[in-house]
Amino acid sequence: MSKPDNSFNAMGATPAEWLAQASNPQAWQSLMQMAQAGKHNLPAMPAIPAMPNMPATAAQVPPEKMAALQKDYTEEMAALWSGLLASRTPQVKDRRFSTPAWQESPLYEFNAATYLLNARFMNALADAVETDANTKKKIRFATQQAIAAMSPSNFLATNPEAQKKLIDSKGESLSKGIMQMVADMRKGHISQTDETAFEVGVNVATTEGAVVYENKLIQLLQYKPLGKQVYQRPLLIVPPCINKFYILDLQPENSLIRYAVEQGHTVFVVSWVNPDESLAHLGWDDYIQHGVIDAIEVVQDISAEKQINTLGFCVGGTLLAAALAVLAEQGKKPAASLTLLTAMLDFTDVGAIDVYVDETQVSQREQSIGAGGLMPGRDFASAFSSLRPNDLVWNYVESNYLKGEEPTAFDLLYWNSDSTNLPGPMFCYYLRNMYLENRLKNPGQLTVDGYPVDLSKIQLPAFIYASREDHIVPWATAYATTALINKGKPGNTQFVLGASGHIAGVINPPAKNKRSHWTGKGKLPPTADAWLADASEHPGSWWTGWSSFLARHAGELKAAPRKYGNVRHQPIEPAPGRYVKVKAE
């Protein structure tokens, strides 16, 4: 007798046969082999980032806690079984199992309820572990990753929505899902949006301007005025170097860059290079000197102004603040004002990302790329996605692969997938000196080109913004900046808290009339919680308040320039320039 054929055979299969084959792990393996046949050098699917290292520290659950957890679990499981036998519907409150397909069969509801019970037990077990705080945090994180991965919504055999779509489409949904998965394997990331719907410079990053300066690290963009007059002092924006600048210029209606231009500011923006191996030797000092300081000096030269307004976003804010401190050490004060958006200068609490930061992991990075090499942008993307695995990983596995649905076109998610590499020496320096050892906040512990970095020497009007639900830069960490700059002159610093997260909180144009923000009463108490207790909430965007702040430090109005650049800095090419269009390999 011949052995049964476990390969996936679409031809002539009934819907029931399709479902039976699709639920067979061996059939999936056969299908993947077929999909990869003839495809040489197909990369592995980068769906889930590697787990952070667990320290070799004793960790255990006390016997009495374990016994109590087991007792509770057994009782809840028994109740679920009793309910199933009595045809009682379990209470399943989770958006992953909220569609009617999950309620059509008691078995699906039971499966979802059992999963949620197991998830609660695993979380309780992680919380009950007695060990040091750092190890416990990593155990909790790894537990969350495992729980997210084990959801029945992630597997065709246990997902009734995907099964129904498979039957209704006569297998087309699964075939399409497999093709989309193989396409993502080639790209090296899970598609979160229709990436063919956008093109940089065509329908994102479209604010009119020109590149007026470039070196090996940056292009400097100058934007065309939209009125007959502009403020005397221009605005220089330093975006994060681990992302592309056009998060600030997605579409005209949500572009912070265009908004600033509309308010009468001559806007310059740094566009960081997407480095390749030829730049893999660059370090932190290069990014400060040839990135930020070069940009400041060129803007001063073009505008013929001794002082300019400056803005730093996320890591760009860290770089900008360090650059201004170095310039202050040199006796230079090029900034009339400083705006920091969701930026960290004190890295005492870096939020959930610290599960990836310890001596072992930093040393491993230093050994591999610290002396030269690249930190791949896809590694950043995987790490940040792991902080919200249900929303940023498994949601797309279910929709794209199990259901064969095409991702919708969303400009923000297109930007999110447009990764940027970093030179290994720069990344390792940043990781150790900021995230691991938190040395930037301590005067003189770091130097740039031999000049000590002392943030307390930054004395100028400052606007500090944080997002309340930010999982990358906790808002209390952003608030800690108020104690590091303008020492002795706290009245120079204004702190504003916006609703939502790291990106959505920042990109909140007034015309949308969405979300809210909080402002203080002029005082900056020692703690963020004390500030919030006395703050006032206002509906709508924080952009209008920032615009008023910027106008107070922008000088007089004058005739708008008719040309980009000046004699020394002629236009090189139209915005958004070449650098931002380079894709990370």
With a cut-off of 6.0 Å (strictly less than), are more than 12 heavy atoms of other residues, nucleotides or ligands near NZ of K137? no
Would you list the pairs meeting salt bridge (Lys or Arg N to Asp or Glu O under 4.0 Å) in which at least one residue belongs to residues 89-102, sequence neighbours left out? D94-R96, R95-D391
Do the side-chain N and O atoms of Y356 and S386 include a donor-acceptor pair separated by under 3.5 angstrom? yes
Ignoring hydrogens, what is the shortest heavy-atom contact between P576 and V200? Give both atom names and the distance. CG-CG1, 3.8 Å
Looking at E253, I'd like to know if its CD atom is crowded, meaning that more than 12 non-hydrogen atoms belonging to other residues, nucleotides or ligands lie closer than 6.0 Å. yes
Do any N or O atoms from the side chain of S255 and from the backbone of L248 form a donor-acceptor pair under 3.5 angstrom? yes
Nearest heavy atoms of G501 and S467, plus distance in Å: O-OG, 2.9 Å
Is any side-chain heavy atom of Y435 closer than 4.5 Å to one of I353? yes
Aromatic rings Y479 and W475: how do their planes relate, parallel, tilted or perpendicular, breaks at 30° and 60°? perpendicular
Less than 3.5 Å apart, any donor N or O on the side chain of N400 or Q192 sitting next to an acceptor on the other? no
Kindly say whether the aromatic ring centers of W272 and Y287 come within a distance under 6.0 Å. yes
When you measure from the side chain of N274 to the backbone of S419, do you find a donor-acceptor pair of N or O atoms at a distance under 3.5 Å? yes
Heavy atoms only: give me the nearest S516-P539 pair and the separation to one decimal. CB-CA, 4.0 Å
Are the ring centres of Y579 and F245 closer than 6.0 Å? no
Do N154 and N159 meet the criterion of a side-chain donor-acceptor pair at a distance under 3.5 Å? no
Tell me whether the count of non-hydrogen atoms from other residues, nucleotides or ligands lying under 6.0 Å of CD in E469 goes above 12. yes
N/O donor-acceptor pair under 3.5 Å between R468 side chain and W518 backbone: no
Mutual orientation of the aromatic rings belonging to F121 and Y73 [parallel < 30°, tilted 30-60°, perpendicular > 60°]: tilted
Between E161 and K165, is there a salt bridge with N-O shorter than 4.0 Å? no
Give the C-alpha distance, both sets of side-chain angles, the deciding distance and a yes or no for side-chain contact (heavy atoms from CB on, under 4.5 Å) between L279 and V273. CA-CA 9 Å; L279 300 175; V273 73; 3.8 Å; yes
Looking at every non-hydrogen atom in both residues, tell me the closest pair between T158 and P152 and how far apart they are. OG1-O, 2.8 Å
Any Lys/Arg nitrogen of R120 or E76 sitting under 4.0 Å from an Asp/Glu carboxylate oxygen of the other? yes
Report yes or no: do D132 and T135 form a side-chain donor-acceptor pair below 3.5 Å? yes
Ignoring hydrogens and angles, state whether a donor on the side chain of Y396 or D184 is under 3.5 Å from an acceptor on the partner side chain. no
